Novice: 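Quick one: the structure is below, and I'll ask about it shortly.
This one's a predicted model, so the numbers in the text were calculated from it and none came from an experiment. The analysis underlying the following values was restricted to heavy atoms, covering all of them including side chains, and did not include hydrogens, waters or symmetry mates.
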Amino acid sequence: MTNKIQIALRLPQEVIDKLKAEADKQKRSVNNLLEVIIDEYLKKNSK
């Protein structure tokens with residue numbers, strides 16, 4: 001098990017709805033989708 005820290009994030013309802021729809025399409029949780037999005041962003045922008 002990895003060491004993960006829980007954070008609170010406030011987003012507009014329309015963003016939450018879009019994230020839920022995308023997560024459902026990819027058969028992921030919203031939390032996992034956000035992890036993947038953030039990881040990809042960091043890899044792309046940390047060069």
Novice: I'd like to check Glu40 versus Val36 (side-chain heavy atoms, cut-off strictly below 4.5 Å). Are they in contact?
Specialist: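 Sidechains of Val36 and Glu40: in contact.
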
Novice: Where do Leu33 and Leu19 come nearest, in terms of heavy atoms and distance?
Specialist: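 What the structure gives for the nearest pair is CD2-O, 3.5 Å.
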
Novice: With sequence neighbours excluded, what pairs up with Glu22 under the side chain to side chain donor-acceptor pair (under 3.5 Å) test?
Specialist: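 Expected list: Gln26.
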
Novice: So, the side chain of Asn45 versus the backbone of Tyr41: is there a donor-acceptor pair under 3.5 Å, distance only?
Specialist: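 Yes.
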
Novice: Answer yes or no: is there an ion pair linking Asp24 with Lys20, defined by an N-O contact shorter than 4.0 Å?
Specialist: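 So Asp24 does not pair with Lys20 through a salt bridge.
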
Novice: Which one of Asn31, Asn32, Val30 satisfies the side-chain contact (heavy atoms from CB on, under 4.5 Å) criterion with Arg28?
Specialist: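 Only one of Asn31, Asn32, Val30 forms a side-chain contact (heavy atoms from CB on, under 4.5 Å) with Arg28, namely Asn32.
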
